[in-house]
Structure formats: C-alpha cells, structure tokens
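Read through the structure below, which is laid out as structure tokens, and then see the notes.
Letters A, B, ... mirror the listed sequences (proteins, then strands); counts begin at 1. Note that the structure is predicted; figures quoted are calculated from it, not measured.
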Amino acid sequence: MIGVRLGGIDPSILRELSGVYKPFVKALRELVSNAFDADADRVHVAIADDFSYVTVSDDGEGMTPFEFRNDFTRIGGGSRRWLGETTHKGRLRIGSKGIGFLALARYCSRLEVESTGSRMFQCALDLRETPVTVELDEVFGFAVPELLLGQRLRCRVNQIGGRIRTLSLGTLFKIDTTRRQVKITRPIGAIRLQLSFDCKNLAFRATLDFERLLELADRADLDKLDEFASIEIWQQRKGEVFQGTRITACNLKSFVRRELRTERRKGHVRNIASRDGLERVIWYLSRCAPVCYATTDRPDAKRLEENLTVPHNSVLKELRVSHGGTSTVLERPLYPFEPDALPLYDDMLIDVRIDEGGLKVAGFIAGYESVIFPAEYRGVTVRVRGVAIGDPHFFGAEYLLTGASKAALSQITGEIYVLSGLDAVDALNPGRESFYEESEQYKILRHYLIGEGEHVVGYLGQAITAVLRRSQVRSSLKDVIGRAVLRRRALDDVSAAVTDLIASGEKIGTAIRKMLESTSSNANGLAHCSDLPLSPPLRVGGLKIVPAKHLSEPAEVDYQKGEIYLDIARPEWEWTLVLFDRRVQVVNKRGGVNSPLGELDLRNGRLLINWEHPIRTQMDERGFLRTALSWVLAKEAANGDADQMMELALRLLSFRTGVVDA
Amino acid sequence: MPKTVTARTLLNKRVSSSDCILLVNPPVEETRYAWLRWNQPLDLLKIGGYLKQHVGCDVELLDFMKPDSRGQVVQQRLPGARKDRIVGGERYPMRRYGLPYSELATWVIKRKSAGARLPTQVWITSLCSYWFQSVAHVCRQARQALPDTQIVLIGNYAELMPQHAAEICPVDFIMTSAFNVHETPAALDLYQDVPPPFAALRLEPTVAVTEVNAAIEKGIRDFAFFEEDIGIGGGEPLTEIVEMTVQLHLHVRFHVICGLDPWKVTPQLAKTLAKKCFANLHFEEAHDGEQLGIEAYRRAKAYLSEAGAKIPARPVSGFVWIGRPEENLDAIISRSFKVLELLGSFIFKPFTPTPGSAEHQRYADYLRAIPHQDWSPHVFPFSELNEISRVEYNDLYRMAAFLNDRVRSEAFDFLKGTMGLEFLKESLRREVWKLEPSPLSVVD
C-alpha cells in the first residue's frame, strides 16, 4: 500500500465537516447518493451480522485511482464541479460539496474503497523554467508502481512561446519510472507538460484511516496527513469481473453498533423511533435515499399515487439492504399509502404546484382527521434530486401558530419534489439537512407553502384550514349528538329507576305503579304554553343538517356537498319515556318563570317540562331533565304525602344505569 | 297487566311463520358468578331450533351473556346506589354479568341501519327467579327500543313465579309452562359467525349427537352436560352419546359440571367417565341418611380407578352444600374435609330453595320476610335461621380456596396417613375459622 496525500485543508476542519452527517443513516445515505452519481442502477447495503461493518457496493461506473484521489477524497472536490450537472446517463448529480467521503468518519475507524474505472487520466502542468524535474508522486498525489508507469504513462512536452512544438522523449526530456520523475534536461524556457495515464482494467483498493485522521486533527499535524490514507493499485486479471465501487465502513464504533442492536420497545409501538435499530435504519434510508415510491392498494390514495411526480432518471433501480440472511428492497414509504393509515379525503388533499423564478416544484400536502402515527411522517418532506432534505418539517410555521392550528400540524403530512431550481451548492447546507434561508428560490418555496408575515397561508395554510374545518364540524356535531344522548340518558335513567323501584316491591314502588294505572290529567297551564323544540339544529359547523334515517353511524358528513346527514331515527332524538308498562311523550315547553316545573298528563300520555323554570339555570340539560321528571313523577305518585314525595324523588334521582347503558 | 299463557297456547295462537322472534338471554346482576364460563341459554337455543323447524318463522338471538372472543363474559360493577347490596348488615359488591342493557337498543339500531327486519315478538328468558331485576330492565329496554313489538317472558322465573313477574315485568305475555323441546337440537347457528366456546348438551342421545356434529362444524370442541342426573338409565345415554361422538374430532372434550351423583356411578358409567375425552368431573354431594355418603364416593372412585382413570391427576372435585337450612358449621367443615380427602378438591355449592319446592314450603314463613332478590344463594338466605353469620360463610369460602390450593400443591403430602394430618385438620378447622374478616374478596 502506498500513502496518499490529501492536502489543502486543516485537519481540524475535516473533523468539523465529518460531524455534519447525523445520525448514522444520513452518512449511509451519502454513500448511496455517491453511487447514484456514479450512474449505478443497483446499490446493495450489506450490514454485518454482528454490526461490525457495513458495505455499500454499486454497479456504477466506478473510479480511477486518480478520481479517487482528486474527487472522492478531496474536500470541495465534488464531481459536479468537474464533470458537470448531469451524469453520463443524464441524471442530475446529487453531490456537490465534495465532503461526502467524510460522512462516515465519525462512525467507523476505517473506510475501505475498492473500485475500477477504465477512463484515461490526463493533466497538464505549465513550468516557467527549465531544466526542471517533476516529481510524479506529487502530481498524482500518490506513488504509481513503476511497472504501471512504464506501461501506461504517456508524456508530451511543448515549449511555451518558443519554436519547439513537441519536445522529443530521450533528447530533451526523460521519464524515470524508477524514481517516478519526468526530467526536462535542457534550458528551453517555459514549457507545458501534458501527462496521460491509461486506467483501463485498473483496479485499486484504498484505505482511509479515520481514527488516524481525527487523531491528526487533534494535533493539527499537516505534514503527517498523508499517513491517514493509502492505496493499492493493480491491473485486473482476466476473470476479475468486479465493476463499480465497493465501500466498506470497517469497525463501526460501539455507539453505532449499540444503536443498530437496539431492541424494539416493549408493548404496542407507534413511532419509528420505538422500533428496533435495524428497522429504523431501513425506514430512514428508504425515506431519504433516491428510490422509487412504494405502491398502494388503498382506493383513497389512488388519486395521489397517480399524480405523484417522479422525474425521469431520478431514482435507483434497486436499493437493497441485507443483514443476517434477510434482504429488503427499499421503496419510499408515504403515509397515505400505509395500510393502517387514516382515511384520506379529497378535501384534505392539497396539490402543490410551483413554477416561478426558475423553481419548479410538484407534490402534495395531506391533512387527516386524527393525529398521524408514526410521528415521523408528520411534516412536509422536501426532495431535491430524489434525496430528502432533512426531516419532514413545516418551514417554521410551527413557530407562528398557536393552539388548535398548531395542534393541526400533527395531522399533516406531505411530500414535495423540487424538479428544478434549488441547486445543492447554493441552497443546501452541508449534509443536505436544510436550506440556506437566504436562497432566493427557497424564499419562493417558503412563500408558496406558508406565505409571509405572521399568518400561515399558502398550501400549508390550506391544509391546516381543511383539518380545522373537519375538526370543527366533528366537534360541533359531537357536541350536538352528545347533548341529545345525555338528554336521552336522563330519560332512560328515570325510566330504569321507575322499573327498579317497582321491582323492589317497596311501598314507593307500589305508589308509582298505582299512579301509572291512572288515566287522569294534571296538566294545567303548561299545556297552553308554546313548545320548545329540542330538535337538531339547522346547521352544524357551517354545514347543513339533512335529516336521515337508519344510518350506520349517528351522522354522516359529506364535506364536498357541505351536508350532514343526521340519523333522527336514533333513540337520542326520541322524546318518549317508558314508565313501566306505559309510554309517555315528553313535551318541552316554554312556560316562563312562574309556571310549574312539569306536569303529568296521563290521559293524553304526555309529560310536560318547563324549560324556562328558574332551576334550569342551575344545572345542565341532563341534570335538569332528571330533576324535572323525578319531581313530577314523585309529586304525582305521592298523592299529597310530602314524605313519600321526597323519598320517591330522591330514589328516582339517585338511580344510575351507568354510562355504558346509555 | 300481562296475560299468562301456556307454551302450547303461545305457539298455537300467538306465533305464525310470518313472525320474526327475537330470543333474549338477559344479563345477571349478582355479587358472584363463579360458573360464568359455563353459562349458555340452552332452553332458548332449543326453542330457537323448534321455531325455525316447526313454525318456520325468522328467529334471532341476543345473548347478553355471550362470551367475547377471549371466552370472557363482560362484567361491570353496578353504578351509583346499586354498587353494593346490603343483606343482614353484610355488604355485597354487585356486578352486572353480561353486556350492558343498552345492547338491545344498539341491536335494534344495527338492524334498522342494515335494513333488516325488526322482530314482531321478543321472548325474554329467565334462569333463576331471584335474578328478576335484570329481567325487568331488559323488558323495559325492549319496550323502549321496540314499542310495537309483543314481549313474552319465558323461563324459570315466568314458570315459577308468574304473579310476581306480572307485577314486576312490563311484558305482554308470561309463559307459565315450559316448552317441550328436549327432542329439538339447539340452534347454535343463532350465534351466527362467532360460535360460543362450548356447547351445552342434554342426555338425549339422538339430539345430542346431532348437536355435537353441528357444533364441531362450527369449531366447537368443548361440551358440557346440563343435566340433573348424569347417571340416568344406568349411564347408558351418556355412554351412547360419548361413543357416537368421540371419534368425530381428536380434541372433543366433555365436561361433567353437574348432576353426577356418586351413588349412581356404576362400573359401566365409570368406564365412560374414565375416557380421556372427559376433561373434568364434578360430583354432587352424596348422602347416606343424614351423613355424607362416604361409601358412595369411595366406590365411585374405585370404579373410576379400575376403569383406568388416574385420580387425582384427573380434575375431579365434589360439591359441598353450603347455606342449607338448619345446618351448622361443624357439619359443613366436616363434610368439606371428607370430600377434600376423598376427591382432592371440593367446591362449595350455595343453596337456595326453588320457589314452590318442598324446602320452600317447609320454610315458607321464614322466607316470606325475605325480599325475593335476597333469595340469591350467594347472600345466604338461611343465614339468620342457621345463626351462621354471612361473614362466617364468607370465611368458609376462603377456607375452601386455601385448602384446595394446599391439596393441589400437595403441601400436605408429607403428613399423609399420620396423626399429624389429623392435628393439622383440626387446627385448620379452628384457626381458619377464627381468622379476622379479610379485606380480600372471596375466591371460589
């Protein structure tokens, strides 16, 4: 193995840069992104059974040793700068900043890189004075073996501004493969030295010793920096068919292994963070790596599935993760596609389309009726060139909102795809975790998503409004039905209490029984008062109430039509009261403060309740109904016996059927 | 007032093929229900079968006591003032065993929303007369939820105490005689998609075999005999049923939970009971005059051993009556120890007289003063007569649990056959008896 020199940057900065990829899975994503940029179709992430190492191999176009040295290990040597925006296959490159090789520096002690690349390496040096001796090790950055130099190095020297176009080898310059030098022997002024090295069938294996690197960083020993990397180059033999790149993160740090070994939290778990370590890595990798979307059988998500925009050439054909004999092909999961996701309604699904200032974005934001689980789905994921930028978030809306609007965020998920405009170099922080907020295009994106100022508008605002609208309708409807149920429960309580008293065989039970056999009427003033209809309201939460019968639920809401179908055939909307073997109709009256609390008209099978009695202001509807019914029945059954009336009323009032018996 | 009708009148004059009859097994309000898992409305299932087969009407079943998917019956502490029942100064926590009463209204709502036919009649059964309160509440619920439907009260309560029922239950008809449906197979299909965990059988071989066949098809493997006398006909009906059904499925298991009189165990019956398909045997208390019929137990045990049954490896126990009139503590304890020694386990069977029975007649004056709901054997209606307090009865239950546990765990084995065991028994008799009232609830 030969040492490789990585110059030009302070090791302590390398240390700092190595910390931008957190957690481990984000570092792993970087290797997958590199493979994508190398035009790989298939990437395989193999995790050792004992979690001691992880290997990422791909079938891409690989690297030559020179590319490894100049592009892969060079800080700021992002291939995009040298090779252009797109790959040979026309993919938009993900990498840009040239710090990807440091991604795993904190997570393993050594990185082993094996690769092949059959491209020609070429470089040119302008030398002002001759004679001169050019050290090839310094030009290449590492020592190429003598034999390979002899076979593959081609050298061309031109005089700059002179008459000699091409210097002849042997006369004016020499190549010393033993000493790995090019010597210009005559004083002929300034020259241009052009070197080319044929890398066909050339393979290399390089080792980056991160432990050493970070140790050097502590000592800031620049001179010894070349000691952290070494390379071995050889000519591939026949039958040696390896094509692409294989990167192994060796000797994973104990905290990484511990994390990967973490067991699933006991009991029912809802969030990804509670799953076992390997599951978590797989889930996060599938969410952030450039892989195709998962599919779904859910009919409510079909429209979304059809409208999902995935730019051509933006995903790998296959990303496989294997460990311990099991292998998983990753697909990008989306919450609406999950089998146990909440139902997705059309009025809660917001299409996102932006085309302004060179920024082109497509995607969706979806609101749900309840809180989204796993929690990791909450928020909007932004993808640039297939890769998720950071975790799902709300573009700062969470700091602007309060109360119910803020709570609504936990019911929102989304995914937007930047088709063009947000370039990684200008707009993304190192590590691809967030955007530079001063980026003009990011400002446009944010403007469309949450608007400006202190109010959240835009697409996210629409989603919040949809969530709140449903929540408001549900809550109002629940309140309306709940009140009706409580009123019904009051009637049932009194009805059950009458049955119970009669079944007890006690004297007061007999009194009630006797009273119920009567057909007289004690209704006076209340009978002439106007009715108080405690029927369903005309509108709830802004939606029109449409009476219906025999629905499977107490109410069904059609948000598209703006109508609520309320099942008025349910017991909660009935005002009948079964008193042992008699059925009476409870009629609600506006009797005013001077009329009695209630009157019993057994002749006509009616029990009149005065809802304007002063006692109504002292209690809720259920309490008032129970009280009024109990006192009216007690008064009638006691037939003037005050003690019995008191006893009866108290017994009727204290009876409970229990909440579940409503 | 409801009309009283006989079963024949009801079937001939009140029911036609155009009817839709809802059969209801109501919940039970009780302080304790130890044999809850063996509850099944066999009478209703047979009536359901009869109505379908002979009348041709639609039949639906609402079994409030139906076990859930885990085989558990829902139970809930009663709310408010009904939380506890105080009898003779002793406080009994009250529970409702079975689904809430509102289940009937829910059932009606579901039928309506499914567009299904609503019942034209509701037949509500009643098992024990002293559980009449929950029956009355179900009648009220039926009145409320199905105002245009005729309600019929059937079952033991209706038959034994029609007058009481007429005053308590708001129904249209009270059926005063039982249906003769012994020869009709129980309609287990009334349970629809979720069958009960076991099927109850009576000793009618032809019918029982049909029932077992149908039950096995539904995935039921456990069968319990609801019979007062298992040894009827020298045990031949039982043997016939077992022989004709045991090969139907590898895991068929029979449970003898009542009606097994030790005196009636013959070598032939023992051969049947010794079969592996019998999961457990519970012997009724055997008497020899005024004394416990020890000889009957010994003989039954010997026959079973000869037939190859391993006792006590086989779950075998004996019932011991508790709460009978004119009993005393020494006699109960003595009988308990004897049954424990003979069978390895005993279970207290609390007593209450059947209305109209000889015991009822004999103690009619005493019982007249007791509200009928307090006839529940679990609150010991003869406590005052026997001058045994309810606290003492509860302590007996605790003693039973303790002894059964010790014997099952063979904690006394090292003393077997020694005078030490006798001393221990005596000391247990005294010490257990003198325990302070425990804050723990009784487990039986």
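Nearest heavy-atom pair, B:Gln133 versus A:Ala503, reported as atom, atom and distance to 0.1 Å: CG-CB, 4.2 Å.
Going from atom CG of A:Asp492 over to atom CD of B:Gln141 covers 6.0 Å, rounded to the nearest 0.5 Å. Here the CZ atom belonging to A:Arg570 is positioned 8.5 Å from the OG1 atom belonging to B:Thr106, to the nearest 0.5 angstrom.
Applying the 6.0 Å contact sphere to CG of A:Asn639 captures no more than 12 heavy atoms from other residues, nucleotides or ligands. Heavy atoms of other residues, nucleotides or ligands lying less than 6.0 angstrom from CZ of B:Arg77 number more than 12. Within a 6.0 Å radius of CE in A:Met619, other residues, nucleotides and ligands contribute more than 12 heavy atoms. In A:Leu538, the CG atom is not crowded: 12 or fewer heavy atoms of neighbouring residues, nucleotides or ligands sit closer than 6.0 Å. In this structure, A:Arg474 places its CZ atom where more than 12 heavy-atom neighbours from other residues, nucleotides or ligands lie under 6.0 Å away. In the displayed structure, A:Arg265 atom CZ is contacted under 6.0 Å by at most 12 heavy atoms of other residues, nucleotides or ligands.
With a 4.5 Å cut-off on non-hydrogen atoms, B:Cys139 does not touch chain A at all. Only the side chain of A:Phe655 comes within less than 4.5 Å of a heavy atom of chain B; its backbone N, CA, C and O stay farther away. Of the two parts of A:Leu551, only the backbone, made up of N, CA, C and O, holds a non-hydrogen atom closer than 4.5 Å to a non-hydrogen atom of chain B. For A:Asp567, no part sits under 4.5 Å from any heavy atom of chain B, backbone or side chain.
Under the 4.5 Å side-chain criterion, counting only non-hydrogen atoms from C-beta, B:Gln144 is not in contact with A:Pro571. No side-chain heavy atom of B:Pro147 sits less than 4.5 Å from a side-chain heavy atom of A:Val578. Between B:Glu167 and A:Ile502 there is no side-chain heavy-atom pair separated by less than 4.5 Å. With a 4.5 Å cut-off on side-chain heavy atoms, B:Lys112 and A:Lys549 do not count as touching. With a 4.5 Å cut-off on side-chain heavy atoms, B:Lys110 and A:His550 do not count as touching.
A donor-acceptor contact shorter than 3.5 Å links the side chain of A:Arg583 to the backbone of B:Arg143.
Below 4.5 Å, heavy atoms of chain B meet heavy atoms from A:Arg513, all part of residues 508-518 of chain A.
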Worked verdict on B:Arg82 versus A:Asp500 for side-chain contact (heavy atoms from CB on, under 4.5 Å): CA-CA 10 Å; B:Arg82 294 183 297 151; A:Asp500 204 65; 4.1 Å; yes
